[in-house]
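Take a look at the structure set out below.
Atoms considered below: every heavy atom in the structure, side chains included; atoms not considered: hydrogens, waters and symmetry mates. Note that this is a predicted model, so its numbers are computed, not measured.
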Amino acid sequence: MSVRVCWLGHATVVLDVGGVRMVTDPLLRRHAGLLRRRGGVAPRTSDWRGADAALVSHLHHDHAELGSLRKLGPVPVLAAPSSAHWLSENGLRGVGVAPGEWCTVTGATGGTARVRTVPAEHGHRPMPHRPNAATGFVVRGGGLTVWFAGDTGPFPGLARVPELAGAAVDLALVPVGGWGPRLSGGHLDPVEAARVCALVGARVAVPVHWGTLHAPASRRLPPGWMDRAGPAFEAAVHRFAPEVRPCVLRPGGAVVVAATGEVDGA
């Protein structure tokens with residue numbers, strides 16, 4: 001029993017779990033609005049081809065990029081109900097997942113995984129033209145439980161993630177940075193992310209939402225800022241959450257996480 005995790009940069013992760021392939025907050029192009037992907041290279045199609053479903057945590061442009069979602073084809077796009085309605089209005093197959101509701105996703109080979117939303121707090125920078133619901137997800141399949149935090153700040157309600165999942169968290173996909181050297185509200189910095197992973201009792205944690213996107217003016221920002229958050233998270237985990245195993249990837253990197261907590265390169 002295992003889950004394969006391939007991080008494509010920012011909040012985009014390909015999960016192969018229980019015979020189902022899911023993509024979180026797909027950003028599959030070289031840009032998200034004005035934001036640009038580091039190096040100007042889009043993820044390899046081979047890394048995300050064959051997705052059975054997408055999970056969209058909220059509708060900010062770097063998490064719900066319509067051109068990227070359309071690349072996946074007519075797959076179900078799971079989101080909060082208001083977000084799913086908006087996605088459907090924009091030509092996608094939005095599937096609303098109400099609080100407390102489980103949704104079963106079936107893979108092309110017949111495997112299944114169950115998905116539900118869990119709370120997130122991300123009310124900063126509301127958009128006037130899109131719904132502003134924000135959520136995380138738990139995915140259960142193949143005997144494992146994965147928590148994708150989406151975008152969130154720290155708040156006590158995160159302690160309920162294992163209860164809402166109905167199982168211990170084997171793998172946390174947790175945001176640790178942003179697209180600039182300073183974080184706005186509603187995000188986790190590396191130390192906060194490490195403490196949150198301890199709070200939910202995650203066995204393994206992969207940091208996301210760092211080192212990928214930058215604004216056009218980033219050449220005037222401090223050198224090296226894009227490389228700091230991942231290693232800083234790893235150091236914070238060793239200090240504040242020693243029971244959690246950090247696994248820092250680079251875009252395109254993949255690992256296999258077993259139910260025992262063992263991690264192998266992939």
Side-chain angles (χ1 to χ4, degrees), residues 6 8-29 31-33 35 42-43 45 47-108 110-141 146-152 161 164-165 173 175 186 208-209 213:
C6 181
L8 302 188
H10 205 53
T12 306
V13 177
V14 180
L15 291 173
D16 290 302
V17 56
V20 178
R21 169 164 284 193
M22 301 185 191
V23 185
T24 68
D25 288 353
L27 180 57
L28 307 177
R29 301 201 295 172
H31 60 85
L35 300 176
T45 304
D47 285 335
W48 52 263
R49 183 189 291 120
D52 298 302
L55 310 180
V56 171
S57 64
H58 63 295
L59 297 183
H60 281 167
H61 293 278
D62 53 328
H63 293 259
E65 205 281 311
L66 290 175
S68 296
L69 285 163
R70 289 169 181 147
K71 278 179 169 285
L72 295 176
V75 303
V77 182
L78 280 59
S82 60
S83 298
H85 179 73
W86 184 89
L87 291 163
S88 295
E89 287 184 330
N90 283 271
L92 297 163
R93 189 179 162 194
V95 176
V97 185
E101 174 184 295
W102 286 92
C103 179
T104 298
V105 179
T106 302
T112 61
R114 299 171 69 222
V115 181
R116 68 161 291 172
T117 61
V118 292
E121 284 195 354
H122 190 60
H124 290 67
R125 296 183 175 176
M127 297 172 292
H129 56 294
R130 296 185 178 192
N132 286 285
T135 186
F137 292 91
V138 289
V139 178
R140 297 193 63 181
V146 180
W147 171 48
F148 169 55
D151 267 7
T152 186
V161 167
L164 296 173
L173 307 173
V208 302
H209 208 277
L213 296 178

What do the steps show when you test V56 against L69 for side chain to side chain contact (heavy atoms under 4.5 Å, CB included), and what is the final call? CA-CA 10 Å; V56 171; L69 285 163; 4.1 Å; yes
Expected output: side-chain T152 to main-chain E121 donor-acceptor under 3.5 Å: yes
To the nearest 0.5 Å, how far apart are CG in L78 and OG1 in T24? 12.5 Å
Going by side-chain hydrogen bond (donor to acceptor under 3.5 Å, both in side chains), D25 matches just one of H63, H209, H60. Which one? H63
Pairing of D52 and R21 as salt bridge, 4.0 angstrom limit: no
Is any side-chain heavy atom of V139 closer than 4.5 Å to a side-chain heavy atom of V105? no
Residues D62 and A32: closest non-hydrogen pair is CA-CB, 3.8 Å
List the atom of R93, the atom of P74, and the distance in Å for their closest heavy-atom pair. NH1-O, 3.2 Å
Between CG on residue L87 and CZ on residue R130, distance to nearest 0.5 Å: 8.0 Å
What is the distance from atom OG1 of T45 to atom CG of L28, rounded to the nearest 0.5 Å? 8.0 Å
V138 vs L164 side-chain heavy atoms within contact, under 4.5 Å: no
Smallest heavy-atom separation, S88 atom then G94 atom, equals OG-N, 3.2 Å
R70 versus L92: any side-chain heavy-atom pair under 4.5 Å? yes
Looking at every non-hydrogen atom in both residues, tell me the closest pair between A149 and P175 and how far apart they are. CB-CD, 3.7 Å
Passes side chain to side chain contact (heavy atoms under 4.5 Å, CB included), V118 versus W147? Steps please. CA-CA 9 Å; V118 292; W147 171 48; 3.7 Å; yes
L27 side, atom CG; L213 side, atom CG - distance, nearest 0.5 Å: 5.5 Å
F137 backbone acceptor or donor facing T117 side chain under 3.5 Å: no
Determine whether the aromatic ring centres of residues H61 and H129 are separated by less than 6.0 angstrom. yes
Taking the side chain as C-beta and beyond, is there a heavy-atom pair between L59 and W86 under 4.5 Å? yes
Going by heavy atoms in the side chains, are T12 and V23 under 4.5 Å from each other? yes
Using every non-hydrogen atom in the two residues, find where G141 and V17 come nearest and quote the distance to one decimal. O-CG2, 3.2 Å
Any idea which heavy atoms bring S82 and P131 closest together, and the distance? O-CG, 3.6 Å
Rounded to the nearest 0.5 Å, what separation is found between the CE atom of M22 and the CG atom of L55? 6.0 Å
